[in-house]
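Written out below as structure tokens is the structure these notes cover.
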Amino acid sequence: MLANPPADADGHGGAPGGLARHLTVRDLTGLGIAAIIGAGIFSTIGQASLNGGPAVSLLFVFTAVACAFSALCYAQFAATIPVSGSAYTYAYTSFGELAAWIIGWALIMEYAVGNIVVAISWSDYFTGLLDGIGLHIPRWLTMGTQSAHAGYEAVMGLMQAGKPLAAATPAQLDAYYAWAQAPELPGGFRLVVDLPAFLITVAITALVYVGIKESKNVSNLLVALKLAVVAIVIAVGVFYVQPANWHPFAPNGIGGVLKSVSAVFFAYIGFDAISTTAEECKNPQRDLPKAMMYALIICTVLYVFITMVLTGMVNYKELGVGDPLSFVFAKVGLTWFSKIVAVSAVFAMTSVLLVFQLGQPRIWLTMSRDGLLPPVFAKVHPTFHTPSFSTIVTGIFVGVPALFLNMDLVVDLTSIGTLFAFALVCGGILIIDPYGKSDARFTVPYISGRWLVPLLLLAAGWLLWRYDHDTIVKLIEDVNGSTAARSGEGYYSVFRHQIPYLVFILASLAIAVVTFQKKLSLLPVLGLLTNLYLMTQLGINNWTMFLIWLLIGLAIYFGYGYKHSKLNKSAA
């Protein structure tokens, strides 16, 4: 890592055979906005508003503040270690190889699994647009095999029960007809694939393969289009706002607002992708910290405005739809504008795909350099100066599952991987620079957390007791067995849902004690605590899936990575 010189030490030029340095602070900010203003603003913001009402706008602010703590830590690492790899590299330098592998494996889930969902969502928007202008792709070419078969079986079950086709949902009927009309293959299988999702993944992968300069030009163009549409949406929507729709502001209390934390946080993971391009920045130590903060501030302001406009135009109870921006304008009679928003959603999804397809190969490249993946993953194209093999593998990893799978929005699973990365990065700063004495170009401002952290935890506990009393009561009842006794369920089946919250309480107390004893820096500690708290809101089922994913990763590490690690070979 130290062998890679900072950009300003070699005249802003990449090393021979290395990655090409083309990115400026404007390009990096654009990449961050490209990833952040995507599925969140055009899709999941609707369900978030349904759960929390207009108060979800405050949740965006709270989540942005939580991200800001993490972004400051990312920025210091980026200024200290200007190497591709993002949180994987930062964990390697602070916690060691095993923790680095775990976070690298979690980032694979964050980028690849998240991109499968984005590709399928892009396909839905794109085919919907084509249908609107009279171009109809056969159903069996616009739907995953798994989704079509499940819908077909559901409709057949209704028919066998003597119920009419009208009893099926529109989605089930679409799947039924897709399966029924598809060409039959040997063995009774049907050729049902989501071709648009596959093709957009191939196109984006080809662009990323060709070069970082071409990728950033396309990203900047898409971002400009996206920001223009978002600005117009706000400007037009303001005239249709009815303040009565903002009352009640938090209809479901704090619990309802926090229920949407995964959907809201899913929107903010984009600034993580910026740090994967460190070796392609003209001046990473100066530009990466600036770009992270710029992207975070710009996107937070836009999200708050969009949420207030959405919840002001229609009642929050009507926003539980997949395309809330299009829906609200159609609702107030601006159908033509609704179609413009739908077109912009296609561009928004494309830019998210681009940034994440850009980030994943660079993490694999860095892991391969360290010996944890086969050497071919570190191969850099001699002409395009991109991680060629890793880029192709990333395309396959996303494109092929998108053809067949029915991936519901796994924002919770993607968010838990991101939060885990953020928590480790904040913890890493507490290890390498707990008192803000680093001579890096950017450091997290040091404020002693000795008294502030315990006081802030007490204040947070009082606020929860005051404004989210029901959650605390439920926690106590679930732990002492009252809930299980009333419902007749087993004690563990009830208690397990509180395990993440109980772990967070114990971890908070331990962090407060250590901070008091060692006078640790306040901001990284707050970043660590807020990320851990947000992880508790994602549910035990997501934790279980996350732990299974990590166990698979550990098997690969001890089967290959540990034996081939350059660090372990050096030690030997």
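Positions are given from 1, in the same order as the sequence printed here. Atom set for the values below is all heavy atoms of this structure, side chains included, hydrogens, waters and symmetry mates excluded.
We find the CZ-CG distance between R286 and L288 to be 10.5 Å, quoted to the nearest 0.5 Å.
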Handout entry: Chi angles and distances behind the side-chain contact (heavy atoms from CB on, under 4.5 Å) call for S275, M292
Key = CA-CA 9 Å; S275 62; M292 289 177 183; 3.7 Å; yes

Exercise for the section: Would you check, one step at a time, whether the test side-chain contact (heavy atoms from CB on, under 4.5 Å) holds for L28 with C281? Expected result: CA-CA 8 Å; L28 292 165; C281 303; 3.7 Å; yes

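Ring pair W105/W549 is parallel by interplanar angle, where below 30° counts as parallel and above 60° as perpendicular. The aromatic rings of Y501 and Y533 stand perpendicular to each other, their planes meeting at an angle above 60°, with 30° marking the opposite boundary.
Side-chain atoms of W101 come within 3.5 Å of backbone N or O of G553 as a donor-acceptor pair. A donor-acceptor pair is defined here as one N or O able to donate and one able to accept, closer than 3.5 Å; such a pair exists between the side chain of T530 and the backbone of G527. Under a 3.5 Å cut-off, the side chain of W543 and the backbone N or O of M535 do form a donor-acceptor pair. Although no hydrogens or angles enter the test, the distance criterion places a donor-acceptor pair under 3.5 Å between the side chain of S390 and the main chain of F377. In terms of modelled atom types and a separation under 3.5 Å, the side chain of S565 and the main chain of G561 share no donor-acceptor contact. The closest donor-acceptor contact from the side chain of S219 to the backbone of S215 lies at 3.5 Å or more, if one exists at all. Judged purely by atom type and a 3.5 angstrom limit, W246 uses its side chain to pair as donor or acceptor with the backbone of M308. Here the side chain of S57 pairs a donor or acceptor atom with the backbone of P54 at under 3.5 angstrom.
Residue I204 is tested with L353, T394, V398, V218 for a side chain to side chain contact (heavy atoms under 4.5 Å, CB included); the sole match is L353. Residue D27 is tested with R21, K213, K216 for a salt bridge (Lys or Arg N to Asp or Glu O under 4.0 Å); the sole match is K216. Residue L424 forms a side chain to side chain contact (heavy atoms under 4.5 Å, CB included) with just one option from I103, N531, I102, L528, and that option is I103.
Under 3.5 Å, the side chains of E97 and Y557 contain a donor-acceptor pair of N or O atoms. S344 and K226 form no side-chain donor-acceptor contact under 3.5 Å, judged by distance and modelled atom types alone. Judged by distance alone, the side chains of Y446 and D433 never bring a donor and an acceptor atom under 3.5 Å apart.
Side chains of I33 and C299 form a contact here, defined as non-hydrogen atoms less than 4.5 Å apart. Side-chain contact check for F546 versus L550: some heavy-atom pair is nearer than 4.5 Å. F442 has its side chain within reach of L72: a pair of non-hydrogen atoms, C-beta onward, lies under 4.5 Å apart.
Within a 6.0 Å sphere centred on CZ of F347, other residues, nucleotides and ligands contribute 12 heavy atoms or fewer.
Between S521 and L430 the shortest heavy-atom distance is O-CD2, 3.9 Å.
Taking the six-membered ring wherever Trp is involved, the centroid distance between the rings of Y74 and F422 falls below 6.0 Å.
Ion pairing between a basic and an acidic side chain is recognised when a charged N comes within 4.0 Å of a carboxylate O; R362 and E280 show such pairing.
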